[in-house]
Amino acid sequence: MARLNDEVAALLDEYADLLTLTGGDAFRARAYTKAARAIAGHGADLAGLDGKGLREIPGVGKSVAEKVDEFRRTGAIQALTALRAQIPPGVREMTAVPGLGPRKALTLHRELGISTPAELRKAAEAGRLHDLPGFGGRTEQNILHGLDLLQQSSERTTLDVAFDVADEIVAALAKVRGCRDCAYAGSLRRFRETVGDLDILAAAEESGPLMDAFVALPLVTDGGEVIVSGPTKTSIRTARGLQVDLRVVPPDAWGAALLYFTGSKAHNIRLRTMAVKAGLKLSEYGLFDASTDAATEERIASATEDEVYAALGLPWIPPPLREDRGEIEAALEDRLPTLVTVDDLRGDLHLHTDLTDGIATLEEMLATCHARHYSYVAVTDHAPDLVMQRMTDEKMLAQRERLRELAGRYGRMRLLHGTELNIGPDGGVDWPAEFLDGFDLCVASIHSHFGASRDAQTRRLIRACENPHVNIIGHLTTRRLGRRGGIDADLDAVFAACARTGTALEINASPQRLDVNDELIRRAHQAGVHFSIDSDAHSTVQLDNPRYGVGQAQRAWLTPDAVINTWPWQRLKRFLDKDAKNAKGSEKAGSKPK
DNA sequence: GCCGTTTTCGGCCCGACTGTTTTCAGTCG
């Protein structure tokens with residue numbers, strides 16, 4: 001766990017859940033949830049805050065501050081420990097089943113004595129649920145489906161969590177005496193959208209000290225377990241269920257090992273096949289001449305990845321491309337793409353402030369963007385049709401005025417006033433054209449009616465693209481990793497509409513979304529669509545999200561040119577003026593301009 | 001439990017959707 005903030009936030013969240021589960025005051029529970037969210041998204045590390053600093057975090061009052069302090073002093077929160085004793089942890093786990101909330105979970109626990117997801121599955125399969133008051137046949141089926149979803153997700157870990165753990169381990173092992181090199185490999189290095197386990201690689205003459213340091217890490221000693229432990233490989237499982245494999249190799253085999261353990265398997269097979277055809281043999285220990293016998297075999301390359309690729313007649317291939325999806329052929333023909341990187345991003349075009357459901361102020365978000373050296377940034381709070389956000393025309397206009405006042409306050413960073421519109425069931429959006437005219441940029445996203453038919457979803461998205469004020473379609477499929485699949489729509493038809501109307505497609509970089517995914521990015525790219533890689537940040541911490549989105553873009557072979565927020569302002573400005581572009585297009589086509 | 005140029009008490013994000021009901025409870029965003 002990287003920051004104390006995250007650790008404390010998790011405990012407060014648990015406390016809130018347990019309060020709800022024990023039938024406590026709902027508002028009290030919500031106060032803890034709110035405080036947890038504020039703490040997780042708070043810029044400063046909790047470890048360095050005094051009582052006054054704690055209370056300055058919005059949503060943190062006397063009681064929460066005391067609990068935070070208690071945890072810092074004693075490593076536990078008494079009130080939480082007491083609640084844990086009342087409710088088996090499995091009951092809280094059950095509320096993670098989509099469609100199953102605290103009330104139903106508590107009913108199941110009290111009436112049927114069910115206290116784990118496994119018991120829940122058994123009872124549902126045996127048809128024991130549908131006789132309970134408030135439960136029926138459909139509920140039973142939905143719970144079974146929800147359990148399936150949960151199981152799938154529990155086997156994969158999102159990138160934010162995976163990077164936190166990987167960074168912590170690499171940092172700790174790199175400091176061990178005799179460690180020449182240490183890095184994460186596997187699907188994390190390839191930036192897959194979620195990872196099953198972590199592969200950590202280290203180079204050292206002697207593996208013992210590294211293995212010892214590994215199993216002594218807090219990640220392992222605090223509720224984790226050692227699965228296997230040997231001289232070249234040790235596997236552990238963290239308390240949160242993430243398996244981590246550490247492999248230690250001799251320093252002169254570093255490159256070959258890194259290549260081997262980065263994968264993908266399909267990529268490696270292609271490389272090995274190429275080696276065999278050239279009379280060579282490729283393994284995690286190096287590239288060898290296959291004609292010599294095992295005892296005297298001659299090592300051709302192994303120290304660096306570069307060296308191994310070069311010996312096979314290839315340039316170095318970036319890890320996100322290593323999926324055997326054409327990268328070997330491209331490398332042979334010297335047409336690997338120059339991939340977009342985080343440093344290419346000149347701005348963020350989708351973020352929220354505390355005017356709606358963000359937790360940081362406008363000024364805090366802008367200051368953090370400025371520290372990231374952006375040339376421009378768009379503030380895009382929610383629009384009124386997402387009723388719970390209570391947006392009004394007045395609030396939006398006041399924010400715009402404030403933003404205009406702040407112009408020039410953050411160096412040369414250009415401040416754009418935008419909004420995240422809701423795409424209604426028929427494809428309409430929150431405000432009429434006259435009001436939309438006032439925005440510099442509009443993102444439009446689906447937030448409701450996820451279950452509409454394929455035809456209806458397709459029509460609604462195409463209509464949104466055709467709206468001259470909609471510049472970017474946000475989180476197109478609306479999926480939440482491990483929680484919810486995407487909507488059903490003819491996405492290729494939507495991509496065609498995006499390309500035709502000059503509407504960009506968002507690569508939503510929130511690690512819980514990564515929407516759209518690499519496959520869809522690739523398809524859309526082929527259809528001529530442009531992209532915007534955005535954080536969808538609801539806190540200053542989340543403004544770091546774009547790294548995950550860039551990873552997906554790299555997996556889809558995107559170059560900076562395909563990404564509108566790598567463009568200089570003047571070029572982006574022309575792109576945002578859909579009216580001018582379409583008028584030009586329709587002049588050519590001879591049809592009437594809008 | 002938190003918070004306050006409407007409040008130091010009395011509110012607290014509001015409405016849709018689903019599945020169970022026959023007027024509503026629970027869940028979700």
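Letters go in sequence order (proteins before strands), and every chain restarts at 1.
Taking atom C1' on both nucleotides, dC9(B) is separated from dA16(B) by 32 Å, rounded to a whole Å. Between the P atoms of dC13(B) and dG4(B), the separation comes to 13 Å (whole Å). Taking atom C1' on both nucleotides, dT6(B) is separated from dG11(B) by 12 Å, rounded to a whole Å. Comparing the same atom, C1', in dT20(B) and in dT27(B) gives a spacing of 13 Å after rounding to whole Å. Across the C1' atoms, dT21(B) and dG26(B) are found 13 Å apart, a figure rounded to whole Å. For the P atoms, the distance from dC12(B) to dT7(B) is 15 Å, rounded to whole Å.
Spacing between atom CG of Leu19(A) and atom P of dC2(B) amounts to 12 Å, rounded to whole angstrom units. Atom CD1 of Ile359(A) and atom C1' of dC13(B) are 16 Å apart (whole Å). Taking atom CD1 of Ile143(A) as the reference point, atom P of dC28(B) lies 11 Å away to the nearest angstrom. Atom pair Arg479(A):CZ and dC28(B):P shows a separation of 20 Å (rounding to whole Å applied). For the pair Gln512(A) CD and dG29(B) C1', the interatomic distance rounds to 15 Å; values are reported in whole Å. Whole-Å rounding puts the Asn142(A) CG to dC28(B) C1' distance at 13 Å. For Leu386(A) and dC17(B), the CG to P distance is 13 Å, given to the nearest whole Å. Taking atom CG on Leu100(A) and atom P on dG19(B), their separation rounds to 14 Å, with Å as the unit.
Under the 6.0 Å cut-off for aromatic ring centres, His352(A) and His350(A) qualify, their centroids lying closer than that. Aromatic rings of His530(A) and His525(A) (six-membered ring for Trp) have centroids beyond the 6.0 Å cut-off, not under it.
Just one of Leu4(A), Leu46(A), Leu80(A) meets the side chain to side chain contact (heavy atoms under 4.5 Å, CB included) condition when paired with Phe71(A); it is Leu4(A). With Leu129(A) as reference, Leu112(A) is the one residue of Thr107(A), Leu112(A), Thr139(A), Leu144(A) to meet the side chain to side chain contact (heavy atoms under 4.5 Å, CB included) rule. Among Leu150(A), Thr116(A), Leu147(A), the single residue meeting the side chain to side chain contact (heavy atoms under 4.5 Å, CB included) criterion with Arg121(A) is Leu147(A). Of the options Ile507(A), Asn545(A), Asn508(A), Leu159(A), a side chain to side chain contact (heavy atoms under 4.5 Å, CB included) to Leu514(A) is made by Leu159(A) and by none of the others.
Pairs passing the ring pair (Phe, Tyr, Trp, His ring centres under 6.0 Å) check and including a residue from residues 3-24 of chain A, sequence neighbours excluded, read Tyr15(A)-Tyr32(A).
Taking every heavy atom of residues 119-139 of chain A and every atom of DNA chain B, pairs under 4.0 Å involve Gly134(A), Phe135(A), Gly136(A), Gly137(A), Arg138(A), Thr139(A), by number. The stretch residues 24-35 of chain A comes close to DNA chain B through Asp25(A), Phe27(A), Arg28(A), Arg30(A), Ala31(A), Tyr32(A), each having a heavy atom under 4.0 Å from the strand. Of the residues in residues 101-111 of chain A, those with a non-hydrogen atom less than 4.0 angstrom from any atom of DNA chain B are Gly101(A), Pro102(A), Arg103(A), Lys104(A). Within residues 74-99 of chain A, the residues approached by DNA chain B to less than 4.0 Å at the level of any non-hydrogen atom are Pro98(A), Gly99(A), in residue-number order.
For the residue pair Ser535(A)/Asp348(A), the side-chain donor-acceptor check at 3.5 Å is satisfied. Side-chain contact of Ser445(A) with Glu420(A): a donor-acceptor pair under 3.5 Å is present, judged by distance alone.
Using modelled atom types, one side-chain atom of Gln552(A) and one backbone atom of Phe191(A) make a donor-acceptor pair closer than 3.5 Å.
Checking dT18(B) for Watson-Crick or G-U wobble geometry (two distances, each under 3.5 Å) identifies dA25(B) as its partner.
Place Glu140(A) and Ser63(A) on DNA chain B by their nearest nucleotides, and Ser63(A) ends up nearer the 5' end.
Scanning both residues, Thr158(A) and Thr194(A), for their nearest heavy atoms gives CA-CG2, 4.4 Å. Counting all heavy atoms, side chain and backbone alike, Ala105(A) lies closest to Thr95(A) at CB-CG2, 3.8 Å. When every heavy atom of Met396(A) is checked against every heavy atom of Thr419(A), the shortest pair comes out as CE-OG1, 3.3 Å.
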Please table the atom pairs, donor to acceptor, closer than 3.5 Å between any side-chain atom in residues 432-443 of chain A and protein atoms at least two apart or in another chain.
residue	atom	partner	partner atom	Å
Asp437(A)	OD1	His469(A)	NE2	2.7
Asp440(A)	OD2	Arg404(A)	NH1	3.3
Asp440(A)	OD2	Arg404(A)	NH2	3.4
Asp440(A)	OD2	His417(A)	N	2.6

Applying salt bridge (charged side-chain N to carboxylate O under 4.0 Å, His left out), run through Asp13(A) and Arg37(A) and close with a yes or a no. CA-CA 8 Å; Asp13(A) 259 330; Arg37(A) 218 166 85 84; over 6 Å; no

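In this structure, the nucleotide among dG19(B), dG29(B), dC17(B) sitting nearest to the side chain of His449(A) is dC17(B).
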